[in-house]
Amino acid sequence: MGKLGMVEVGIQAKRCLHPAMETMPREQLAALQLAGLRSSVRNAYQHVLMQRARLDLAGIGPDDIHTLADAQRLPFTVKADLRDHYPFAMFARPNHQLVRLHASSGTTGKPIVVGYTRHDIATWADLMARSFTAAGARPGDMIHNAYGYGLFTGGLGAHYGAERLGATVVPMSGGSTERQVTLIMDFRARVLCATPSYALAIAEVADAQGIDLRKSALEVGLFGAEPWSQAMRGEIESRLGLKAVDIYGLSEIMGPGVACECECRAGLHGWEDHFLFEVIDPDSGQVLPEGQAGELVITTLTKQALPMLRYRTRDITRITTAPCDCGRTHLRILRITGRNDDMLIIRGVNVYPSQIEAVLLGRPCIAPHYQLVVQRRGKLDEVSVEVEALPGVAAETYETVARDVAHHIKSMVGITTDVCVKAPGVIPRSQGKAVRVRDLRPKESL
Ligand SMILES: [Zn+2]
């Protein structure tokens, strides 16, 4: 099969790592979830003091879970809970039963620490391998893993999943971009794992070296850990010559592999045998009907070390239980285009960086690297957009290009922005999660 030769989607996409589980009738899946929910609430209640106090206050215990709808009576968990109980007070197992810890980078305040038993790690590897398979990876593949290794869950999460799949993993981590290009070519990697912004940085370095990644053996890319637009998907696919698949996860719940697109790429299958997904109105906390956009809330059903009850992800999305062409029955989370935390409110208009990204990637003369700079002028927040010209675009035309971009942001996103076109290579490249917003507003006014 040649590059992008995924024409037999109907046949290809039916390949599941766990066919019986992934295509289980939804009523059976619901029964499994109910049992998981009960045991997860019991685990939290019996072993986590904070959870017990909170459940007591809400007047609900493990024996009060009779239907899946009873989940709606459980209190929410938020990121601040993990900070407040730093480092281990939310763990349901003593440290000697844990085999691994991960932690967030902790840009503000204390980091978030998560722990795993041996069983938790095995589940994670399974779900990551299941995600790889859904995306089109297969045993025997060479998987180039450019997610960061270390406390971040991306690197080791993908690593264990690739091994569990039976693939050969290249534990490259982020950085050393020229070397990434060399090894992708020399080892003939078929699958690439990276953040979408770093995938583009790799493509750019390859271009500079005169190497055409479209002629590499790459066929599939699993990209996640930051929201990215459909336009970004198109850009990555044309630059790297692979099929770009969206994968979702977060450390608080497990790490990468909580949900992943199948080869139909019509939403990310959330693995419901291990997680309960809800979408709520972020203001009222009420569960929204299927199909309505709101905040994604996830409850873990099988985690031992860190059972998470109704964790508010801050990610804004919609879910659907409609059957997928691939035959999998697990619900689909529609692509996440924004995170509540990243949302900017510019003169009363709600804006996600990914909306501006979609405009930028559609304009001629502009490279797919950008930063948004938020400043306060008087009482109003203003956004300036720093973009890069493509190599070869004459500097005298930057002004004209900037006006064109500002015009399209205004007409498509609805906000007025200052656009500054910079020379190629000026915007910092990410080696992991991209920094899309530089917030220069005074801290006290936030
Ligand atoms: Zn599917």
Side-chain angles (χ1 to χ4, degrees), residues 1 4-30 32-33 123-124 126-139 141 143 157-158 161-162 164-165 167 190-193 196 219-224 227-230 232-234 236-237 242-250 253-254 256-279 290-293 296 298 301 313 315 317-337:
M1 187 172 59
L4 300 180
M6 302 272 185
V7 279
E8 318 87 350
V9 164
I11 305 157
Q12 288 264 339
K14 285 200 177 67
R15 191 176 35 224
C16 297
L17 186 69
H18 311 120
M21 193 57 84
E22 292 176 57
T23 62
M24 180 180 275
R26 292 199 58 80
E27 315 79 71
Q28 277 182 46
L29 200 49
L32 198 66
Q33 286 193 300
T123 303
W124 185 12
D126 258 356
L127 291 185
M128 204 43 227
R130 189 192 282 186
S131 301
F132 269 124
T133 309
R138 51 191 184 229
D141 276 349
I143 297 184
R164 166 70 182 80
L165 176 67
R190 178 173 176 263
V191 180
L192 172 66
C193 299
E219 287 185 28
V220 179
L222 279 87
F223 303 114
W228 50 308
S229 61
Q230 197 64 22
M232 181 76 140
R233 168 143 49 197
I236 290 173
E237 294 195 331
L242 47 65
K243 186 164 175 170
V245 175
D246 195 2
I247 182 163
Y248 175 76
L250 61 172
I253 296 302
M254 179 178 79
V258 172
C260 188
E261 283 181 331
C262 64
E263 290 178 69
C264 304
R265 301 194 297 176
L268 297 84
H269 288 285
W271 305 126
E272 291 183 272
D273 45 336
H274 294 276
F275 309 105
L276 180 70
F277 299 91
E278 300 170 280
V279 170
E290 178 174 331
Q292 280 194 30
L296 184 66
I298 307 177
L301 303 176
T313 64
D315 290 317
T317 187
R318 292 178 288 144
I319 52 180
T320 175
T321 57
C324 182
D325 289 346
C326 72
R328 290 180 183 81
T329 51
H330 293 231
L331 61 70
R332 282 169 292 155
I333 300 166
L334 299 191
R335 291 191 78 213
I336 290 165
T337 47

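Read the numbers this way: they start at 1 and go in the same order the structure lists the ligands and their atoms. Any value given below was found using the heavy atoms of this structure, including those in side chains, with hydrogens, waters and symmetry copies removed.
For Asp126, the side-chain contact (heavy atoms from CB on, under 4.5 Å) criterion is met by His18, Arg164, not counting sequence neighbours.
Thr133 places no side-chain N or O within donor-acceptor distance of the main-chain N or O of Cys16, the cut-off being under 3.5 Å.
In terms of heavy-atom proximity, Pro256 sits nearest to Met128 at O-SD, 3.5 Å. What you find for Asp246 and Arg233 is that their closest heavy atoms are N-NH1, 4.1 Å. Here the shortest heavy-atom pairing between Thr313 and Leu296 reads OG1-O, 2.6 Å.
Note on the Zn ion (ligand 1): protein N/O/S atoms under 2.8 Å are Cys262 SG, His269 NE2, Cys324 SG, Cys326 SG.
Checked options His330, Arg15, Glu22, Arg328; the residue passing with Cys262 is Arg328 (criterion: side chain to side chain contact (heavy atoms under 4.5 Å, CB included)).
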